[in-house]
Amino acid sequence: MASAIVNRAGSRVIKSVSAALGARFYGKVATGTDIVSAAPNVSLQKARTWDEGLASKFSTTTLKDIFKDKKVVIFGLPGAYTGVCSNKHVPPYKENIDKFKAKGIDSVICVAINDPYTVNAWAEKLQAKDAIEFYGDFDGSFHKSLELVTDLSGALLGTRSERWSAYVVDGKIKALNVEEAPSDVKVSGAETILGQI
């Protein structure tokens with residue numbers, strides 16, 4: 001087993017790679033983790049307009065509702081309207097939606113540490129809402145629970161999501177990919193996760 005220790009914002013994050021299992025471990029989550037149990041009492045906010053939020057009394061969606069009895073591909077990214085996220089990460093998921101559906105995927109989900117109104121406007125600009133479900137993690141509680149956060153204060157973004165993707169079946173992570181740097185889309189892209197389903 002090879003391990004890489006990365007110093008990030010003063011805290012040590014141990015990333016282990018098991019050659020025999022091909023598993024990568026990031027903080028609290030790894031292949032086999034129940035994503036709902038790893039983030040108890042956490043809900044996400046479906047992308048929507050302010051008026052839709054008001055009409056729904058600012059409802060949220062539980063992780064159980066998102067993952068229970070479903071095959072889901074979920075990917076997290078540092079933020080709406082950022083360059084790599086808009087130009088390199090989201091478009092291939094949109095372009096490959098038919099391939100995901102052909103493999104039995106119920107939902108392809110994008111989540112970012114942003115409010116659901118910003119995520120909604122961004123998803124509409126990308127013309128991706130018909131293919132991908134977008135969610136906001138407005139306070140970062142989902143990503144913090146999974147220990148998939150990074151400090152991007154140097155880019156004036158503050159605490160943000162790592163760039164990652166996962167294939168999740170009935171709440172259990174079957175494949176997990178986390179980029180070494182937030183500017184990379186080497187392992188978290190659509191083609192990689194398609195090959196892991």
Side-chain angles (χ1 to χ4, degrees), residues 6 8-9 11-18 21 23-48 53 56-80 82 85 89-90 93 100 105-120 122-123 132-152 157-180 182 187-188 192-193 196-197:
V6 179
R8 203 177 266 150
S11 66
R12 295 175 73 103
V13 178
I14 297 176
K15 295 182 177 183
S16 301
V17 180
S18 170
L21 298 176
R24 296 175 76 173
F25 301 89
Y26 295 90
K28 201 169 176 183
V29 292
T31 303
T33 300
D34 183 318
I35 201 165
V36 177
S37 297
N41 305 314
V42 172
S43 294
L44 294 173
Q45 309 83 45
K46 189 144 186 149
R48 59 198 167 202
S56 73
K57 298 184 178 168
F58 304 105
S59 66
T60 60
T61 307
T62 67
L63 296 183
K64 185 176 179 182
D65 287 341
I66 293 171
F67 295 107
K68 184 76 173 151
D69 298 323
K70 295 176 188 161
K71 291 182 180 178
V72 175
V73 167
I74 183 169
F75 64 105
L77 40 78
T82 56
C85 302
H89 207 182
V90 174
Y93 280 94
F100 285 112
I105 298 301
D106 296 300
S107 314
V108 174
I109 294 172
C110 176
V111 63
I113 299 179
N114 286 108
D115 65 79
Y117 321 110
T118 299
V119 173
N120 185 66
W122 177 58
I132 300 168
E133 291 180 33
F134 287 82
Y135 286 88
D137 179 17
F138 82 95
D139 62 356
S141 59
F142 174 65
H143 287 92
K144 289 174 188 172
S145 292
L146 302 179
E147 296 179 9
L148 287 172
V149 291
T150 189
D151 183 354
L152 296 180
L157 294 170
T159 300
R160 292 295 176 146
S161 167
E162 296 271 11
R163 187 177 304 283
W164 62 280
S165 65
Y167 169 45
V168 183
V169 178
D170 194 24
K172 297 271 195 281
I173 297 174
K174 300 296 184 182
L176 174 66
N177 311 293
V178 180
E179 298 291 352
E180 291 294 325
V187 299
S188 64
T192 300
I193 204 83
Q196 295 171 323
I197 298 171

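Computation of the quantities below employed the complete heavy-atom set of this structure, encompassing side-chain atoms and omitting hydrogens, waters and symmetry-equivalent molecules. In this chain, numbering begins with 1 at the start of the sequence shown.
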Point to revise | Smallest separation among heavy atoms of C110 and V90, with atom names | key: SG-CG2, 4.3 Å
Review point. More than 12 foreign heavy atoms under 6.0 Å from NZ of K70: is that the case here?
Key: yes
Review point. Roughly how far, to the nearest 0.5 Å, is the OG atom of S107 from the CZ atom of F100?
Key: 12.0 Å
Point to revise | Closest contact, heavy atoms only, S56 versus R48 | key: OG-NH1, 3.7 Å
Revision key, fill the gap. Scanning both residues in full, the closest heavy-atom pair of A112 with G79 reads CB-CA, 4.2 Å
Exercise for review: Walk me through it: do T61 and S43 pass the test side-chain contact (heavy atoms from CB on, under 4.5 Å)?
Suggested key: CA-CA 5 Å; T61 307; S43 294; 5.9 Å; no
Review point. In Å, rounded to the nearest 0.5 Å, how long is the span from OG of S188 to CD of E180?
Key: 11.5 Å
Point to revise | Taking every non-hydrogen atom, the tightest pair across L63 and I35 | key: CD1-O, 4.0 Å
Point to revise | Contacts of D139 that satisfy salt bridge (charged side-chain N to carboxylate O under 4.0 Å, His left out) - sequence neighbours left out | key: none
**Study point:** For K172, salt bridge (charged side-chain N to carboxylate O under 4.0 Å, His left out) partners two or more places apart
**Key:** D34
Check your understanding: Any donor-acceptor pair under 3.5 Å linking the side chain of D115 with the backbone of F138?
Key -> no
Practice item. Hey, could you give me the OG1/CD1 distance between T118 and I113, rounded to the nearest 0.5 Å? Key: 13.5 Å
Practice item. To the nearest 0.5 angstrom, please state how far the OG1 atom of T192 sits from the CG atom of N177. Key: 6.0 Å
Review point. What are the two closest heavy atoms between G76 and H89, and how far apart are they?
Key: O-CE1, 3.7 Å
Exercise for review: Please examine the side chains of I105 and V72, heavy atoms only from C-beta on, and report whether any two atoms are closer than 4.5 Å.
Suggested key: no
Exercise for review: Measure centre to centre between the rings of F142 and Y135, then say whether the value is under 6.0 Å.
Suggested key: no
Exercise for review: Measure from the side-chain N and O atoms of E179 to the backbone N and O of W164, and report whether any donor-acceptor pair falls under 3.5 Å.
Suggested key: no
**Study point:** Smallest separation among heavy atoms of I193 and A166, with atom names
**Key:** CD1-C, 3.7 Å
Check your understanding: Got V108 and E133 here, is their nearest side-chain heavy-atom distance under 4.5 Å?
Key -> no
**Study point:** By side-chain contact (heavy atoms from CB on, under 4.5 Å) - contacts of V119 (at least two apart)
**Key:** A47, N114, F134
Exercise for review: Determine, step by step, whether T60 and L44 satisfy the side-chain contact (heavy atoms from CB on, under 4.5 Å) criterion, reporting the C-alpha distance in whole Å, the side-chain angles of both residues, the deciding distance to 0.1 Å, and the verdict.
Suggested key: CA-CA 6 Å; T60 60; L44 294 173; over 6 Å; no
**Study point:** Euclidean distance, I197 CD1 relative to Y167 OH, rounded to 0.5 Å
**Key:** 6.0 Å
Study note, to complete from the structure: Between I66 and the options I109, V111, V36, the side chain to side chain contact (heavy atoms under 4.5 Å, CB included) test singles out I109
Practice item. Measure the spacing between CG of D170 and CG of D69 and express it to the nearest 0.5 Å. Key: 5.0 Å
